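Written out below as structure tokens is the structure these notes cover.
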Amino acid sequence: MAKRKIAVLVMAYGTPHTLDEVEAYYTHIRRGRKPSEEALADLVARYEAIGGCSPLFARTLQQVKALEDQLNQQDQDIQYTAYLGMKHISPFIEEAVEQMAQDGIKEAVGLVLTPHYSTMSVGSYLERAQESCQAHGIKLHAIHDWYRLKEFIDTLALRLQNTLIQLNTVPITQQRVLFSAHSLPKRILDMRDPYPQQLKETCELVAQRTSLPVWSFAWQSAGKSGEEWLGPDLLTMLDQLAAEGVKGVVSCPIGFVSDHLEILYDLDIEAKQHANQLGITWLRTPSLNADSQLITGLANMIMNRIKEG
Ligand code: FEC
């Protein structure tokens, strides 16, 4: 008997493949408005500082492949094909769905590679996916969030424990774990957006799992759109921690699952430099990328979503 065919539409932010693509990418992020020359030069300089381009695309491809393999190994009744659709660069979400339709797909699961739901992040990915799938007569089972997924929390906790061990030159009372996530415009609070609460829950779960008595949270990578963004900002938080006598920080970014610009520049260069100037030793938990435990958890979640129908 032929196996049931299901697509997994894996959605991710996307990154320019070369420096020549930065302008078009940035313009897409700004919903069609070209950035100023100064803003563009600033962004190009950040990519240059991390080696010329971001590892995000390569990391995302590894995650997509690992997820497809894991699903096909675990579930013998269904033939899974994973498609990558990106938010800000080709292959865009719409192109991935177009490909799915050409391949005869009638049913798909939509997963965004960021664990916490916000109308401005996951919401907009899913809206585009839903619209395209509807246009092609594909039934989409959307996953809205997965910030409590056991394997996600366990993998983060393990990385945090291992990084804390490396901070052993700093007395325990002067150490602080600093969780962070991408900031968003403050107006999301008026929409009762679940994003801040979901992030808080992830921090609490990881803290429980690692028996952390005290921890801090800050928002990172706020955009330069002119409006007010969620705070406290990470650099301001570092000033505050220095004033409290903290001498060693373990940065644990909980809203991202891959290495990319906002990790390799905003945390590893900008925040680290700021911390060091304040006399604080700065370490960061390694990114999850295609960690096998995380991929297994995501695969189980997808299979359960299909069972739920
Ligand atoms: O490695 C790379 O090349 C890509 C890194 C990258 C990730 C990422 C994730 C998120 N963003 C989110 C929201 C916004 C909002 C704006 C915005 C702007 C930028 C710019 C760059 C950029 N983002 Fe991003 N984001 C990444 C990169 N992001 C570059 C433009 C320059 C700058 O501001 O630094 C503001 C748009 C506007 O101006 O109107 C809002 C959210 C996430 C995490 C969830 C997700 O992955 O979707 C939310 C990775």
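Along the sequence shown, residues carry numbers from 1. The basis for the numbers below is simple: all heavy atoms, side chains too, and nothing from hydrogens, waters or symmetry mates. Whatever order the structure lists them in is the order used to number ligands and atoms, beginning at 1. If you're wondering where the values come from, they're calculated on a predicted model, not measured in any experiment.
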Distance (rounded to the nearest 0.5 Å) between Q70 CD and I295 CD1: 8.0 Å
Any ion pair linking K186 and E227 (charged N to carboxylate O, less than 4.0 Å)? no
Does the plane of the ring in F179 sit parallel, tilted or perpendicular to the ring in W215? Use 30° and 60° as the thresholds. perpendicular
For Y195 and ligand 1, does the shortest N/O to N/O distance drop below 3.5 Å? no
Counting only protein N, O or S atoms and ignoring waters, those under 2.8 Å from atom 24 (Fe) of ligand 1 are Y13 OH
Contact between ligand 1 and H116 is defined here as a heavy atom of the residue under 4.0 Å from a ligand atom; is it met? no
What atoms of ligand 1 come closer than 4.0 angstrom to any heavy atom of R31? 39 (O)
By salt bridge (charged side-chain N to carboxylate O under 4.0 Å, His left out) - contacts of D239 (at least two apart): none
What atoms in ligand 1 come closer than 4.0 Å to a heavy atom of S121? 48 (C)
Measure across A108 and I6 and return the closest heavy-atom pair with its distance rounded to 0.1 Å. CA-CG2, 4.2 Å
Taking the six-membered ring for Trp and the single ring otherwise, decide whether the centroids of Y13 and H260 are under 6.0 Å apart. no
Under-4.0 Å heavy-atom contact with ligand 1, by part of L43 that carries it: side chain
So which protein heavy atom does atom 16 (C) of ligand 1 come closest to, and at what separation? W229 CH2, 3.8 Å
How close do D154 and K150 get, counting heavy atoms only, and between which atoms? OD2-NZ, 2.5 Å
Tell me, which protein residue and heavy-atom name are nearest atom 44 (C) of ligand 1, and how many Å apart are they? T114 OG1, 3.7 Å
Decide whether an N or O pair under 3.5 Å exists between S54 and ligand 1. yes
Heavy atoms, side chains only, cut-off 4.5 Å: are L241 and S216 in contact? yes
Output yes when R4 and D77 qualify as a salt bridge under the 4.0 Å nitrogen-oxygen rule, no when they do not. no
Atom 48 (C) of ligand 1: closest protein heavy atom, distance to 0.1 Å, is L184 CD2, 3.6 Å
Counting from 1, what ligand 1 atoms have a heavy atom of Y125 closer than 4.0 Å? 45 (C), 46 (O), 47 (O)
If you measure every N/O of Y47 against every N/O of ligand 1, is any gap under 3.5 Å? yes
For T119 and Y117, the nearest pair of non-hydrogen atoms, with its separation, is N-CE2, 3.7 Å
Output the list of atoms in ligand 1 that are nearer than 4.0 Å to some heavy atom of T15, sorted by atom number. 1 (O), 2 (C), 3 (O)
Cationic N near anionic O, under 4.0 Å, K5 to D103: no
Numbering the atoms of ligand 1 from 1, which are under 4.0 Å from a heavy atom of Y25? 3 (O), 4 (C), 27 (C)
How are the rings of F152 and H116 set to each other: parallel, tilted or perpendicular (split at 30° and 60°)? perpendicular
How far is atom 43 (C) of ligand 1 from the closest protein heavy atom, and which atom is that? F256 CE2, 3.9 Å
Show which atoms of ligand 1 fall inside a sub-4.0 Å distance from at least one heavy-atom site of Y26. 30 (C), 31 (C)
Hey, could you give me the NZ/OG distance between K87 and S121, rounded to the nearest 0.5 Å? 6.0 Å
Which heavy-atom pair separates I78 from N72 by the least distance, and what is that distance? O-OD1, 3.7 Å
Regarding ligand 1, does R46 bring an N or O atom to under 3.5 Å of one of the ligand's N or O atoms? yes
